[in-house]
Student: 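This is the structure I want to talk about, given as structure tokens.
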Amino acid sequence: MSTDSLVTDTGRGPLGKHDMAALVARDIPHGAFVNLGIGQPTLVADHLPADSGVVLHTENGMLNMGPAAQGDEIDPDLTNAGKVPVTELPGAAYFHHADSFAMMRGGHLDICVLGAFQVSTAGDLANWHTGAPDAIPAVGGAMDLAIGAKKVFVMMTLFTKTGAPKLVPECTYPLTGLACVDRVYTDLAVFDITERGVSVRETFGTTVDELAGRLDLPLLSAGG
Amino acid sequence: MSTDSLVTDTGRGPLGKHDMAALVARDIPHGAFVNLGIGQPTLVADHLPADSGVVLHTENGMLNMGPAAQGDEIDPDLTNAGKVPVTELPGAAYFHHADSFAMMRGGHLDICVLGAFQVSTAGDLANWHTGAPDAIPAVGGAMDLAIGAKKVFVMMTLFTKTGAPKLVPECTYPLTGLACVDRVYTDLAVFDITERGVSVRETFGTTVDELAGRLDLPLLSAGG
Amino acid sequence: MSTLLCANADEAVAGIEDGSTVLVGGFGMAGMPVDLIDALIRQGATDLTVVSNNAGNGDTGLAALLAKGRVRKVVCSFPRQADSYVFDELYRTGRIELEVVPQGNLAERMRAAGAGIGAFYCPTGAGTLLAEGKETRVIDGRTYVLEYPIKGDVALIGAHRSDRMGNLVYRKTARNFGPVMATAATTVVAQVREIVDTGTIDPETVITPGIYVDRVVQEATA
Amino acid sequence: MSTLLCANADEAVAGIEDGSTVLVGGFGMAGMPVDLIDALIRQGATDLTVVSNNAGNGDTGLAALLAKGRVRKVVCSFPRQADSYVFDELYRTGRIELEVVPQGNLAERMRAAGAGIGAFYCPTGAGTLLAEGKETRVIDGRTYVLEYPIKGDVALIGAHRSDRMGNLVYRKTARNFGPVMATAATTVVAQVREIVDTGTIDPETVITPGIYVDRVVQEATA
């Protein structure tokens, strides 16, 4: 189940990472303040329309971050949270780390988009630590984002490379945050985490019944 | 015992408020960061030598505050904590109220100078509330200054207009801060609040013995 | 979401509900959002809790709002001033509640609201009347008082300049409570002297990023 | 007291004692005080606790300090990077302690140290491994974790420009941890690209006022 599998733009799947990013971008409201996590979530920026009015936050101290810097634009003083050189857009603002995380933790960001190892039916998120005994733990800003943004969107493949579900009844990996995920974008379906349970918004090249057979949890249809 | 009594510059007293301010100014080290409370403490600024290097903080958001504004200098956007128009000196910096009080409460100011109703032998300070039943309480930044500055200097007359001591075994007025006062400048003497008790540094037109007879507390001589 | 540029102060304060907690910026007249307060008087919301450093001066602004009986409670550090006779009369006759908060706690409690802090231990006021009934804790030998956030439904603040995205800069000590209040309220309304094109404010000098600002209006008298 | 302008980085780091807690600014290379770290390596202090966002990259800077066995403990949010092999080896062989702190807690705990806050309740990490053993409290239905200040004996930070009073301005996202660390340490040392005359930095744009800065040195390579 590779994220680089063939992609169609017809709604069939499984989707590749760029199509998943496009789906996320489609659901971000005009003018929203958004933090895109390191890795695949950064692809979402490429799919925001020019008139989206979306303002990107980077936790190392900036609002209105622009695209990755190219050539002469590269400035070692201007990077994103992944330490990639970026650019600034008109209306940008810089601030220090405590102010940046106060903004995040105080609930001022509308949406953050994060990768994940696992998401549970309760919306628990595991994305910082594999739990392997020899792993060196490293959390960065993941726990702050998980509890801070008004809406947390996760972007991940639905199954691991060995076929294990990543949307699970209970996370087995160490948690990043409890009951914090609102929506999960995967290569096979988009899910809402609701108080009633996991609801399927749309599927790609599969059906709710097929997914229900492969996932160890009850699924609600968005329509029902 | 008026603070407007005749003043000599010979070390005799009782001192007037300008001489008390000059005494305080004399004891502020070169380059110190200092907050001068509203009222008489603001007079200290007039007695700092031009080369003192002392940087004045005003809690409404400024370092390197200059003297009161005159004529065309008056700018409604630039006032001190007493809401008096002031000026800025080279090397000034502006910041918001939370940052200003973080600076104060975090122990970054070397000295603050405050007025007082009462100071106790333990260094308790009462300067915000007379405790009268019909008084409207108003604290401003007094409690923050009392606990925040590295050294708290008090500037007051030693007795009330009716002759009651203001340096007392226990404050009878509501407290501003506990065990926070380091030194008390009065019209009749300068006192250090030490762990051993109240120590007299110098007297003005009186003696330690005379003061001991009028104050209801033991006095140590700085020499002894 | 995006900052709304309002045509006038009445539009800027529209929708403030009865019973709201309103944070009002300014220290003395510096940074005081005079147009917005006047518009709030016209707007009519009542039973308000007003959080501000002072409790009004003379007959105008906050004092006028108080005089009309629209404020149930004032949370401030320094209500008693030479010309605070409107507040004084209401208070002495039991027609207004008062919570006196040390100025640093006022600022820090609003910062906490804006920063997602649930509560914090603070040394200010320990052992005094203003900490009576509050939880305390000794940490490393020092006594601290547990203080809770102050969150506003609305903040009315004054700034110097805004761009079209609501990025604000202030001027001199008129900055005071504005940047803190802007983080601490659900709806933030800024009165500014001028609105400039986005991109003309140096990003290094923005004090309140537009993310915090919901509505901006230019001063009528500017 | 007054800020000291140092002739070189060695003078700027003089006197750092064994066993010190050293806050080191920077996020990646942006804002990293490279000259000061190199001088600290020459200076010789050992048994250090280093507080920084990362735990060194490649063979230089923090990684070189670690490689020399001078660091007892690292407090950081993200030690594991593509080229953090020096830290990785020390950690896997049990020769260095690690406290992983969520990045926002790292910043906020240093801010608390600088602001006189004794401890604070924070929602980050509640219910996770990183809150194990920590006190928690439910406030308004949400679970918060009690976090304590991180105070440094020394902070080594990078800034863009200083005046002769130590007023600092930063540049773009190189601002990051510098302003927070400057408030949180007993002795604050800033490496800057240029030192300008006092009075030439607009007071509205000062990010770290000189009150926080003890020593300033110009970058050797600037």
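Naming convention: chains lettered A, B, ... in sequence-line order (proteins, then strands); numbering from 1 in each chain. Basis for what follows: all heavy atoms, side chains included, without hydrogens, waters or symmetry-related copies.
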Student: Provide the closest heavy-atom pair for Glu88(A) versus Pro203(C) in the form atom of the first, atom of the second, distance.
Tutor: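 Smallest heavy-atom distance, with atoms named: OE2-CG, 3.6 Å.
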Student: List the atom of Ala93(A), the atom of Asn167(C), and the distance in Å for their closest heavy-atom pair.
Tutor: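 Heavy-atom minimum between the residues: CB-OD1, 4.2 Å.
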Student: Could you grab the distance from atom CD1 of Ile207(C) to atom CZ of Phe95(A), nearest 0.5 Å is fine?
Tutor: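 Answer rounded to 0.5 Å: 12.0 Å.
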Student: Counting only non-hydrogen atoms closer than 4.5 Å, can you tell me which residues of residues 136-157 of chain C sit against chain A?
Tutor: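 Heavy-atom contacts from residues 136-157 of chain C to chain A are absent.
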Student: Does anything in residues 43-82 of chain A get under 4.5 Å of chain C by heavy atoms, and if so which residues?
Tutor: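 The stretch touches chain C at Val55(A), Leu63(A), Asn64(A).
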Student: Under 3.5 Å, side chain of His30(A) to main-chain N/O of Ser2(C), donor-acceptor pair present?
Tutor: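 It does not hold such a pair.
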Student: Go through Asp163(C), Asp197(C), Val206(C) and name the one with the most non-hydrogen pairs under 4.5 angstrom from chain A.
Tutor: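 Going by pairs under 4.5 Å, I would pick Val206(C).
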Student: Tell me, do Thr183(C) and Asp99(A) make a side-chain contact under 4.5 Å, heavy atoms counted?
Tutor: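 They are not in side-chain contact.
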Student: What do you reckon, is NZ of Lys151(A) surrounded by more than 12 foreign heavy atoms closer than 6.0 Å?
Tutor: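 Atom NZ in Lys151(A) is not packed in, count stays at 12 or less.
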Student: Measure the shortest side-chain to side-chain distance between Met103(A) and Pro209(C) over non-hydrogen atoms and say whether it is less than 4.5 angstrom.
Tutor: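 Yes, their side chains come closer than 4.5 Å.
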Student: Checking Arg111(C) against chain A: side chain, backbone, both or neither under 4.5 Å from a heavy atom?
Tutor: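 Side chain only.
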Student: Within a reach of under 6.0 Å around CD of Glu17(C), are more than 12 heavy atoms found that belong to other residues, nucleotides or ligands?
Tutor: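 No - once you tally the heavy atoms of other residues, nucleotides and ligands closer than 6.0 Å, there are 12 at most.
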